[in-house]
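Input: a single structure, listed below in structure tokens.
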Amino acid sequence: MREEEKRPRIEARAPKGTMDILPPESAKRRKLVEKATSLFNAYGYREIETPAFEHTEVFARGIGEGTDIVQKEMFTFLDKGGRSLTLRPEATAGVARAFVQHRLDTRGLPAKFYYQGPMFRHERPQAGRLRQFSQLGVELMGSPLPVADGEVIALCAAFFASLGVKAELVINSVGDQECRPAYVETLRAYLEENREGLCEDCRRRMVDNPLRVLDCKVDKCSSVIERAPEIRDHLCSGCVEHQAMLERLLAAAGVSFRRDGRLVRGLDYYTRTVFEFQDPELGAKNALAAGGRYDHLVEELGGKPTPSVGFSIGLERVMLAGPDVGDDRRGGIYVIAIGEAARMKAFTLAQGLRGAGVCADLDHLGRSPKAQMREADREGFRLVAILGEEELAGGFVTLRDLEGGWQERLEESRFLEAVEERLRYASGGA
RNA sequence: GUGGGGGUAGCUCAGCCGGCAGAGCACCGGGUUGUGGCCCCGGAGGCCGCGGGUUCGAAUCCCGUCCCUCACCCCA
């Protein structure tokens, strides 16, 4: 005991960039996830779970050695055999790896998966950016056609619509292996000529990833960027047609969008379509969801060419956008015992209710009737069962409705049926 | 990795021209020998982030340090 007092206090705090999800919030998140996954199911996607960490090469190869994610944002560690492992910074590379490992192409294409779970990036946290965060997403693998892009984008739009979240869709094409290399060279040459007008970061970027200069928000660069050659004017005919068809599909589906030639995503695997759903009111971290086509990722990881498209939604960011996941209705029943004799009865009554599938709780602190009542109210119960000397003697239970305020006496034999009846009107239950 | 703001009760914050550590909300109890919310009364709850310095005296001034937060880069 004395020695324990000398030990320094432990830091009872979640690590930087991580957070605990506490009750009212946790229920809201759960509802949001359920809403999303049932929507994914409705579109024919089935769940895939991949590990929270992979061999580091999966991400280095898949996402791209030159990306910020791989260069500075990965949680990487060695296992006891000296093998390098990395906590997944995103899900697509792992899904693609699983696709290759299990020869999922042999089950018939396209393969449609959704996933949900924590991702990890070693970054400085800020609003809407955490080191551990949750993503929900889908992958439609094996189709090169614009209808695949159109489907996943429409699905994502439907998700935001169902939550009443305003999310503005921005799309672009980053070209493919046929036209992008030439464009990148054109762009690099242009930037080289105008390096005087670029910030330091961009001078560095133009060497290993010129596309990202287009994303720069530094004022100094804006005039150079505005006059820069646009990918749109350098796409090959295949990419032009793909983009045009996608836009027609979106228009036909009633999905509105904005084209932005400067939208460039930070992952190297994207080809042709890239898109983001942005919340203009959310501030700096305004991308609620993002995705695109990745026609060569599966080959890159050792599989057959498998053109694919997908997106992922940032759960925490959607939560910040104030999604409508329905009201919390009162439900369930709290059993109040008055007097010691009644406590035994209250316990068995609660057990009986629970056994019948009714949400029921009771006092665990031996508190006064008033305190039990207050507890029932605070915890959001719809009904209260009251058991006292009178009830015990008369063989009945007093049932009170906390929402309506009325109360009634019920014969014990008819009690369960009556409770179920009342709660049915209250919809759902806690 | 770079810059700004901030660490005082569970939460949101006041106190900061040094002089007894406060408010609102939340929590617990009472007002109602067995009845919630509203109201009234009471109670509990603090290494004033941590370490050092100045001073008779530091939440307050100085130095260091850690942490949180917002923003940049980048990203969901």
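Labels below follow one simple rule: chain letters A, B, ... track the order of the sequence lines, proteins then strands, and each chain is numbered from 1. Worth saying up front: this structure is predicted, and the values here are computed from it rather than measured.
Comparing atom distances between the A:M373 side chain and each of B:rG30, B:rU35, B:rC28 picks out B:rU35 as nearest. Looking at the side chain of A:E390, the nearest of the listed nucleotides B:rG34, B:rG36, B:rC74 is B:rG34. You'll find that the side chain of A:K72 is closest to B:rC73, out of B:rG34, B:rC73, B:rG36.
Comparing A:P369 and A:E375 against RNA chain B, the residue whose closest nucleotide sits nearer the 5' end is A:E375.
No hydrogens or angles were tested; on distance alone, nothing pairs the side chain of A:Q372 with the base of B:rU35 as donor and acceptor under 3.5 Å. The base of B:rG36 does not come close enough to the side chain of A:E379 for any donor and acceptor atom to sit less than 3.5 Å apart. At a cut-off of 3.5 angstrom, counting only N and O atoms as typed in the model, there is a donor on one side and an acceptor on the other between the side-chain of A:R317 and the base of B:rC75.
At B:rC67, none of the side-chain N or O atoms of A:K16 fall inside 4.0 Å of OP1 or OP2 (strictly under the cut-off). Put simply, A:Q126 has a side-chain N or O that comes within less than 4.0 Å of OP1 or OP2 on B:rA71. Regarding contacts with the backbone of B:rC74, every side-chain N or O of A:R121 stays at 4.0 angstrom or more from both OP1 and OP2. Not one side-chain nitrogen or oxygen of A:R378 sits closer than 4.0 Å to the OP1 or OP2 atom of B:rA26. In terms of phosphate contacts, A:R374 brings a side-chain nitrogen or oxygen within less than 4.0 Å of OP1 or OP2 of B:rG29.
Using a 4.0 Å heavy-atom cutoff across all strands shown, A:E389 reaches at least one base atom of the nucleic acid. Among the atoms of the strands shown, base atoms are found under 4.0 Å from some heavy atom of A:G405. Within 4.0 Å of A:E123, counting heavy atoms only, lies at least one base atom of the nucleic acid. As judged by a 4.0 angstrom heavy-atom cut-off over every strand, A:L130 is placed among the base-contacting residues. No contact: A:Q132 has no heavy atom under 4.0 Å from any strand. Using a 4.0 Å heavy-atom distance criterion, A:A289 is classed as a sugar-phosphate-only contact.
Using a 4.0 Å cut-off between charged side-chain N and carboxylate O, A:E54 and A:R88 make no salt bridge.
In this pair, A:H234 and A:Y183 present their aromatic rings tilted. The plane angle is within the 30 to 60° band. In this structure, A:F275 and A:F311 have perpendicular ring planes: the angle between them is above 60°, well past the 30° mark.
Ring centers of A:F40 and A:Y45: at least 6.0 Å apart, outside the cut-off.
Base pairing of B:rU55: no nucleotide in any strand meets the Watson-Crick or G-U wobble criterion (both distances under 3.5 Å).
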